[in-house]
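Notes follow the structure.
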2 protein chains.
Amino acid sequence: MAMKAAAEFDRATAAEHAHTAVWIATVLRGRIAAGELTPGSKLSEQALSSALGVSRNTLREAFSTLAGESMVTRIPNRGVFVASPGVEEVREIYRVRRMIEPAAALWGEVTPEALDTMEAIVRRAQEARDAGSVADMADANQALHRAVVGLTGSGSLQTLMDRVLAEMRLVFHAMASTPDFHSHYVDRNVRLVERLRAGRRDEAASGLSADLDVAEAELLDRLADASG
Amino acid sequence: MAMKAAAEFDRATAAEHAHTAVWIATVLRGRIAAGELTPGSKLSEQALSSALGVSRNTLREAFSTLAGESMVTRIPNRGVFVASPGVEEVREIYRVRRMIEPAAALWGEVTPEALDTMEAIVRRAQEARDAGSVADMADANQALHRAVVGLTGSGSLQTLMDRVLAEMRLVFHAMASTPDFHSHYVDRNVRLVERLRAGRRDEAASGLSADLDVAEAELLDRLADASG
DNA sequence: CACGAATTATTGTTGAACAATCTCCCTGGG
DNA sequence: CCCAGGGAGATTGTTCAACAATAATTCGTG
């Protein structure tokens, strides 16, 4: 068909031959994370395949990938939709985090470099708070917790955490407004890193666990408000 | 083509319309777990698609799923191969297990039902040892550790653990002979469940961690022998 | 207005085709 | 004898077009 160029967009830019399906999955993942594709919205095969300039088959393969990451939900004979996490998903998110984050704090390998990285992230969060940038604060917060899991040295756990954090972003996107959720945690995060630096891992782990409890409760609260 | 029936095998038996791609993924996952498809062996698209009676496109989608579970490895323009975990993969497996299993023992919800289940599994392991059935012992061992992670109540962690255990099976399949690896752990597992029953979670967690260290060392040892 | 049936749209799956890439063998030169 | 180079053949990556199966919608009828 002569008119594939109708939606040729970039795709020549970054690493042309990244095995189209993977590339498409990356594009969609990015758009979902950016909030361009809002939770619950339908991803039509025909519309998307022509919009992205790939065949339905290739798009389908990308969908498989994203469904495996639970970024989208596939309903047989109905289509795929951007995942829209609810109360149960939030609970699951914190079940996971309450296990792997304290575990990482307790038993991970706390290197000086890791501590430096975390301190830099915490400073970034403080600056974001001072500047009143909610988005940057959210980013820094996620980056910090990601770094905590990084202490485990495990790629699988890191991947799991990335999935969880991506789902968290979806939760925020699903909420109409994003009132300041993170500023309370900037100071707590500072204390967390201090404790890790001081080698007080028990305190770091238990404090982290408590923080997660609070965050979950607060998030569930706002979710109930939004849906009630 | 009239001759699709050439390889019609069952496929009408179990839940006919399980949406072919996932059904195929299930079949392949089972064959890999059973050791029918040995680690490193190539999965030719043409051969498999005709052997399973599905189109290459559908098979491809199944491959995506399995690659996402790292049951198979995809090498661009070369094909997909049954994953063949080596030393680094074993290390990663135990990095994960050393985090989530003790975490589950420490912070999971230890219900009486869960304890009963675990005791039943442990008894099964003892019977298998008495009967000299290595395979049953391996199964029971895996089931027990799976149950430990189940204490977290988290589906994501359970899924991660399942992936890890599947990879463990691949490691065993990759070793020419499977000398008795599990009998040493039957008694340790008994003690683990006893400690959980007694509410001595710290001991359960630290003992578990030690067991995992020993198991990793032993496994790495045998791997070194096999490849040396 | 409610209800059911026909129409329409969308997904699920297949088969064939072609380009890109790899594998392997075969030949020629050192 | 060994190695480099070059095809020929096979395999994967991707697209297209078609049809079957299922869901959504529309429309006619009571």
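Chain letters run A, B, ... following the sequence lines, proteins first and then strands; every chain starts at 1. Predicted model, so just to flag it, every value in this text is computed and none were measured.
Between D:dC16 and A:Ser55, no contact under 4.0 Å exists linking OP1 or OP2 to a side-chain N or O. Proximity of A:Thr58 to the phosphate of D:dT15: a side-chain N or O atom is located under 4.0 Å from OP1 or OP2. Applying the 4.0 Å criterion to OP1 and OP2 of C:dT13, one finds that B:Thr20 has a side-chain N or O inside that range. Dashed line: the shortest gap from a side-chain N or O of B:His19 to OP1 or OP2 of C:dT11 is not under 4.0 Å.
The pair A:Asp213-A:Arg98 meets the salt-bridge criterion, since a charged nitrogen lies less than 4.0 angstrom from a carboxylate oxygen. Under 4.0 Å is where a charged nitrogen must lie from a carboxylate oxygen, and between B:Asp136 and B:Arg124 no such pair does. Salt-bridge formation is not detected for the pair B:Arg97/B:Glu216: no Lys NZ or Arg NE/NH1/NH2 atom is positioned less than 4.0 Å from an Asp or Glu carboxylate oxygen.
Comparing D:dG13, D:dT15, D:dT11 by their closest approach to the side chain of B:Lys42 singles out D:dT11. For A:Arg60, counting side-chain heavy atoms from C-beta on, the closest listed nucleotide (C:dG12, C:dT11, D:dT11) is C:dG12.
Regarding A:Glu45, its CD atom lies at a distance of 6 Å from the C1' atom of C:dT11, rounded to whole Å. In this structure, CG of A:Leu59 is placed 13 Å from P of D:dC16, rounded to the nearest angstrom. Spacing between atom CG of B:Leu43 and atom P of D:dT11 amounts to 14 Å, rounded to whole angstrom units.
Judged by atom type and distance alone, B:Arg56 does not reach the base of D:dT11 through any side-chain donor-acceptor pair under 3.5 Å.
Annotation: proximity of residues 67-82 of chain B to DNA chain D (heavy atom, distance under 4.0 Å) is found for B:Pro76, B:Asn77, B:Arg78, B:Gly79, numbered in ascending order.
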Sequence neighbours left out, cut at 3.5 Å: what donor-acceptor pairs do the side chains of residues 75-85 of chain A make with other protein atoms?
none

Verdict with supporting geometry, A:Val96 and B:Leu160, side chain to side chain contact (heavy atoms under 4.5 Å, CB included): CA-CA 11 Å; A:Val96 172; B:Leu160 176 59; over 6 Å; no
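Between the axis at the start and the axis at the end of the helix from C:dC1-D:dG30 to C:dG30-D:dC1 there is an angle of 10°, using five pairs per end and rounding to 10 degrees.
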